Protein chains: 2
Amino acid sequence: MKRDSRLSGVLHVLLHMAQKPGPFTSETLAKAMDTNPVVIRRIMAGLRDLGYVRSEKGHGGGWTLACDLSKVTLRDVYIALGSPTLLAMGNRTEAPDCLVEQAVNAVLDQAFHDAEALLLARLGEVTLAMLSDDLRKRLGSRKHQGMSAHHG
Amino acid sequence: MKRDSRLSGVLHVLLHMAQKPGPFTSETLAKAMDTNPVVIRRIMAGLRDLGYVRSEKGHGGGWTLACDLSKVTLRDVYIALGSPTLLAMGNRTEAPDCLVEQAVNAVLDQAFHDAEALLLARLGEVTLAMLSDDLRKRLGSRKHQGMSAHHG
DNA sequence: AATAATGTAACATGTAAAGTTACATGAAAC
DNA sequence: GTTTCATGTAACTTTACATGTTACATTATT
């Protein structure tokens, strides 16, 4: 199944933004992500609504970080995206009349729920600040090679 | 994202089959699942190749269980389906040049991997026999109401 | 006013599961 | 041995959804 990469994408954007003050236009960010400005605006909309970033129109406008990076976890970002489906598998039908289906659903639901809970817990353990620190370390260990964070 | 229900579906089929000797035609099973016979053959193909079920052509043919239900776990069934993608989310790109993307991938991969491992472990804990027992309990507790396992 | 940005709707594309059609193959019944 | 009933499988259609794109309204700066 085709996998949803919005979380990966929006984290990429946020990390880019955390490296320097901004603001960043959707077009700039889109180029760094090799995608379309409208896609950037779409995945950022939820973050804006929750106050994690700010967007301004007109000359000199664009996107700015508006939160304490050490207070926002990847789970928060995931939720800001609208909590998209985590698992690629699901039950054929929910609340079926068929007892066979009920038995199957019961055991699968348990396994699915556990896996989702673990994934959300893991995402909840990592803040944007931690991610940004990790990036800075990666950048640092490449400095002596004269390379930058941006794409070549 | 649209979720893959093949595991749910094939378990439903196997559980139906575990309730009485068979053989069952694809058409019979398809009716119980409210789907198409070809879909049944498709999701059963992997199980047949691994010897969990047998299929016979011609008059009186159809599908038969061919394994010890207490030896086959839901994980085995999942693998028989060809180990389809478990998570609906993934990284934008694998092995990217961009350090930002690498930092994002690193943390997400860890979380994704843990969740997948847990899900597979949970599926590995449940055998088809356990599932069948659970179903029989559900059937038993409805007997006094004069209901059957099949759809109304 | 002109320009540069976001906001958003509408539409196109890509991908994978699910559903369907068609037909070849093989086994049993007659 | 031919008819019937079953699986096996390829090819195509449908559906769902993320992604990509176009178009245009809105708003802020110059």
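Each chain gets a letter, A, B and so on, in the order the sequences are listed, and its residues count up from 1. Small disclaimer: the values here were computed from a predicted structure and weren't measured.
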If a pair satisfies side-chain hydrogen bond (donor to acceptor under 3.5 Å, both in side chains) and one of its residues is in residues 42-56 of chain A, list it, with sequence neighbours excluded.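 Passing the test, one end in residues 42-56 of chain A: no pairs.
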
Which pairs pass salt bridge (charged side-chain N to carboxylate O under 4.0 Å, His left out) with one or both residues in residues 121-133 of chain A, sequence neighbours excluded?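 Qualifying pairs, neighbours excluded: R122(A)-E125(A), R122(A)-D114(B).
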
Please report the shortest heavy-atom distance between M89(A) and P84(B), naming the atom on each side.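 For M89(A) versus P84(B), the nearest heavy atoms are CE-CG, 4.4 Å.
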
Pick one: which of L11(A), L123(A), V126(A) meets side-chain contact (heavy atoms from CB on, under 4.5 Å) with V77(A)?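 Single side-chain contact (heavy atoms from CB on, under 4.5 Å) partner of V77(A) among L11(A), L123(A), V126(A): L11(A).
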
Is there a side chain to side chain contact (heavy atoms under 4.5 Å, CB included) between W63(B) and M17(B) once you walk through the steps? CA-CA 8 Å; W63(B) 299 90; M17(B) 290 173 67; 3.8 Å; yes

Give a yes or no on this: more than 12 heavy atoms of other residues, nucleotides or ligands lie within 6.0 Å of atom CG of D109(B).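 More than 12 heavy atoms, drawn from other residues, nucleotides or ligands, come within 6.0 Å of this atom.
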
What is the distance from [atom1] of [X] to [atom2] of [N], rounded to the nearest Å?
{"X": "E27(B)", "N": "dG19(C)", "atom1": "CD", "atom2": "P", "value": "16 Å"}
{"X": "R92(B)", "N": "dT19(D)", "atom1": "CZ", "atom2": "P", "value": "10 Å"}
{"X": "M89(A)", "N": "dA16(C)", "atom1": "CE", "atom2": "C1'", "value": "13 Å"}
{"X": "L7(A)", "N": "dT19(D)", "atom1": "CG", "atom2": "C1'", "value": "16 Å"}
{"X": "N36(A)", "N": "dA23(D)", "atom1": "CG", "atom2": "P", "value": "12 Å"}
{"X": "L29(B)", "N": "dA6(D)", "atom1": "CG", "atom2": "C1'", "value": "13 Å"}
{"X": "K2(A)", "N": "dA18(C)", "atom1": "NZ", "atom2": "P", "value": "16 Å"}

Distance test, side-chain N/O of [X] to OP1/OP2 of [N], below 4.0 Å:
{"X": "T25(A)", "N": "dA5(C)", "value": "no"}
{"X": "R6(B)", "N": "dA17(C)", "value": "yes"}
{"X": "T35(B)", "N": "dG19(C)", "value": "yes"}
{"X": "S5(B)", "N": "dA18(C)", "value": "yes"}
{"X": "S26(A)", "N": "dA5(C)", "value": "no"}

Under a plain distance cut-off of 3.5 Å, with no hydrogens placed, do T28(A) and T25(A) share a side-chain donor-acceptor pair?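 Distance-only check passes for T25(A) and T28(A).
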
I'd like to know if the side chain of T73(B) and the backbone of R75(B) have a donor-acceptor N/O pair within less than 3.5 Å.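 Such a contact is found between T73(B) side chain and R75(B) backbone.
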
State whether the side chain of D4(A) and the backbone N or O of R6(A) hold a donor-acceptor pair below 3.5 Å, judged by distance alone.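 Yes; judged by distance alone, with no hydrogens or angles, the pair exists.
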
Let me spell it out: for each of V38(B) and D34(A), pick the nucleotide of DNA chain D with the closest heavy atom. Which residue's pick is nearer the 5' end?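 On the 5' side of the pair lies V38(B).
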
Side chain of W63(A) only, please: which of dA9(C), dG8(D), dT6(C) is the nearest?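 For W63(A), the side-chain atoms sit closest to dT6(C).
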
Counting only non-hydrogen atoms, which of residues 39-49 of chain B are less than 4.0 Å from DNA chain C?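 Under 4.0 Å from DNA chain C: V39(B), R42(B).
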
Heavy-atom contacts under 4.0 Å between residues 107-117 of chain A and DNA chain C, which residues?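 Output list: empty, so none.
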
A correct 5'-to-3' footprint of nucleotides 25-30 of chain C, with B, S and - meaning base, sugar-phosphate only and no protein heavy atom under 4.0 Å, is BBBBS-

Validation row: D134(B), V107(A) side chains within 4.5 angstrom (heavy atoms):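 Side-chain contact under 4.5 Å: no.
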
Mind checking whether L69(B) and T127(B) have side chains closer than 4.5 Å, heavy atoms only?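 Not touching, per the 4.5 Å side-chain cut-off.
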
For S70(B), side-chain hydrogen bond (donor to acceptor under 3.5 Å, both in side chains) partners two or more places apart: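 Counting only residues at least two positions away or on another chain, S70(B) forms a side-chain hydrogen bond (donor to acceptor under 3.5 Å, both in side chains) with D68(B).
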
